[in-house]
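Below you'll find the structure, written out as structure tokens, and then a few comments.
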Amino acid sequence: MKKLDRKQLAARVARDIPEGAYVNLGIGLPTLVADFLPKGREIILHSENGVLGIGPKPAPGEEDEDLINAGKEPVTLLTGGAYFHHADSFGMIRGRHLDFAVLGAFQVSARGDLANWHTGAPDAIPAVGGAMDLAVGAKKVLVMMEHLTKSGESKIVERCSYPLTAARCVDRIYTDLAVIDVKPDGLHVVDIVDGLDFQELQRLTGVPLKKPLIAA
Amino acid sequence: MINKFVASPEAALADVPNGATILIHGFGNAGMPAELIDALIAQGARELTIVNNNAGNADTGLAALIGAKRVRKILCSFPRQADSWHFDRLYRAGEIELELVPQGTLAERIRAAGAGIGAFFTPTAYGTKLAEGKETRRIGERDYVLEYPIHADYALIKADRADRWGNLTYRKTARNFGPLMAMAAKCTVVQVRETVELGEIDPEHVVTPGIFVHRIVRVPASLKRAA
């Protein structure tokens with residue numbers, strides 16, 4: 001099987017972001033999606049610290065400490081971009097103005113519950129940031145993550161064992177093995193990586209999957 | 001004549017009492033009023049309740065205030081960072097209380113305080129650990145959590161330009177919590193890169209109107225680099 005690497009996964013997500021979309025990319029893996037957005041599509045990236053229209057990374061030496069993204073990395077602003085304060089920024093999120101939020105995850109349940117902020121471990125320092133706002137607020141919530149944990153357990157589960165970020169919020173899951181839609185009647189496989197068939201994907205995944213209409 | 005300019009960060013913060021609640025502007029280091037925080041550390045107030053998105057980075061600014069054990073409690077959305085070691089150490093030792101608040105709820109609770117709102121319902125965090133014990137309500141097809149304002153004694157803000165009436169502009173993403181925190185405190189103290197004459201800031205470009213600002217200190221960028 002040809003597992004997608006981080007860049008291929010980011011490119012796979014990027015392919016599905018349409019012209020004109022307003023998109024928030026979460027910290028970490030989702031941020032990588034920006035590098036693979038199809039050229040020629042005008043897509044506006046939002047960052048919850050108060051910016052719309054994020055451009056490419058600045059050249060070395062061109063960083064500005066006052067121009068950063070939610071991951072506190074230096075960014076640039078596209079012509080036409082805008083700055084605003086946090087209440088406006090989260091108004092955009094909670095008020096259902098963002099078309100997509102792309103978020104990382106520890107676990108996603110079969111009904112679309114998301115766990116991505118806290119492992120609940122006794123010694124862990126909890127940190128939530130904007131994750132709960134994005135999960136309830138974006139029109140579509142896309143999750144990108146590895147299909148399996150390091151020890152080989154499915155991260156798509158019947159019921160999240162980690163604390164929830166939000167219930168029933170995930171619309172689509174992108175993993176290094178498959179793309180899966182979360183629908184009211186269950187999990188629908190959209191496509192599978194080369195060299196992996198549906199039966200094997202089902203075996204690796206903790207919960208029942210529905211076959212794609214057209215074989216991938 | 002109204003003149004909100006104050007000679008120094010030390011003079012601007014001389015009256016902060018022990019136990020004060022202080023909003024500290026900034027998202028990471030963008031907008032963090034480092035010189036005001038240095039003055040607060042030197043001033044010596046203890047048992048503070050601090051509100052910021054984070055819990056300090058490395059060894060300066062908010063991290064230094066926490067490291068100096070002046071903070072009893074912090075309200076923030078994202079304390080855990082690669083370089084939040086001062087907070088991490090005190091939190092694990094049980095020497096600092098944490099109220100973890102989702103980022104948008106943190107912003108809106110501050111805004112609500114400044115805008116005279118008694119409480120508000122938000123869909124964020126419904127059904128999660130962070131809403132445990134809180135009042136909820138179904139409105140239409142959605143479930144909401146009741147959240148209360150965060151009132152403060154002081155706000156410490158870094159802006160870009162100010163005139164003597166306290167009208168402010170910010171710089172890029174260093175705006176973040178500034179306009180909200182300026183509204184929510186009894187005494188709003190601002191450090192700016194540049195002070196200007198009345199009228200030099202186009203009224204259409206004023207981000208925080210002077211009514212929300214009480215004290216202004218100029219901290220030139222060159223001085224900051226030398227520090």
For atom [atom1] of [X], decide whether the heavy atoms of other residues, nucleotides or ligands shown that lie under 6.0 angstrom number more than 12.
{"X": "B/K73", "atom1": "NZ", "value": "yes"}
{"X": "A/Q202", "atom1": "CD", "value": "yes"}
{"X": "A/K7", "atom1": "NZ", "value": "no"}
{"X": "A/E19", "atom1": "CD", "value": "yes"}
{"X": "B/W85", "atom1": "CH2", "value": "yes"}
{"X": "A/R41", "atom1": "CZ", "value": "yes"}
{"X": "B/F120", "atom1": "CZ", "value": "yes"}
{"X": "A/L78", "atom1": "CG", "value": "yes"}

Legend entry - Under 3.5 Å donor-acceptor, A/R94 side chain and B/P123 backbone: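 Not confirmed, A/R94 side chain does not pair with B/P123 backbone.
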
Mind checking the [atom1]-[atom2] spacing from [X] to [Y]? Nearest 0.5 Å is all I need.
{"X": "B/N57", "Y": "A/K72", "atom1": "CG", "atom2": "NZ", "result": "6.5 Å"}
{"X": "B/T122", "Y": "A/M132", "atom1": "OG1", "atom2": "CE", "result": "11.5 Å"}
{"X": "B/K129", "Y": "A/W117", "atom1": "NZ", "atom2": "CH2", "result": "6.0 Å"}
{"X": "A/E65", "Y": "B/M32", "atom1": "CD", "atom2": "CE", "result": "11.5 Å"}
{"X": "A/D113", "Y": "B/T128", "atom1": "CG", "atom2": "OG1", "result": "12.0 Å"}

Under 4.5 Å from any heavy atom of chain B, what part of [X] do you find: side chain, backbone, both or neither?
{"X": "A/Y83", "answer": "both"}
{"X": "A/T165", "answer": "backbone"}
{"X": "A/D123", "answer": "both"}
{"X": "A/I93", "answer": "neither"}

Measure [X] against the heavy atoms of chain A and call it side chain, backbone, both or neither at under 4.5 Å.
{"X": "B/F177", "result": "both"}
{"X": "B/N176", "result": "both"}
{"X": "B/V207", "result": "neither"}
{"X": "B/Y170", "result": "neither"}
{"X": "B/T105", "result": "both"}
{"X": "B/R92", "result": "side chain"}

Legend entry - Geometric class of the A/H86/B/F27 ring pair [parallel <30°, tilted 30-60°, perpendicular >60°]: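 Ring orientation, 0 to 90° scale: tilted.
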
Legend entry - Among the listed options A/L77, A/D88, A/D64, the residue most often paired with chain B at heavy-atom distances under 4.5 Å: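 The option with the most such pairs is A/D64.
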
Legend entry - Heavy-atom pairs under 4.5 Å with chain B, option from A/N69, A/L164, A/I125, A/V136 with the top count: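 Highest number of heavy-atom pairs under 4.5 Å: A/I125.
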
What are the two closest heavy atoms between [X] and [Y], and how far apart are they?
{"X": "B/R175", "Y": "A/F84", "answer": "CD-C, 3.8 Å"}
{"X": "A/D133", "Y": "B/G104", "answer": "OD2-N, 2.9 Å"}
{"X": "A/P126", "Y": "B/L98", "answer": "CG-CD2, 4.1 Å"}
{"X": "B/R142", "Y": "A/R96", "answer": "NH2-NH2, 3.1 Å"}
{"X": "A/A87", "Y": "B/E108", "answer": "CB-OE1, 4.1 Å"}

Inset, instruction - Using a cut-off of under 4.5 Å on heavy-atom pairs, state which of B/N54, B/N53, B/L106 scores highest against chain A. - result: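 Sorted descending by pairs with chain A, the first entry is B/N54.
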
Inset, instruction - Sort out for me which residue in B/K172, B/R171, B/K158 forms a side chain to side chain donor-acceptor pair (under 3.5 Å) with A/D66. - result: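 Exactly one candidate clears the test, B/R171.
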
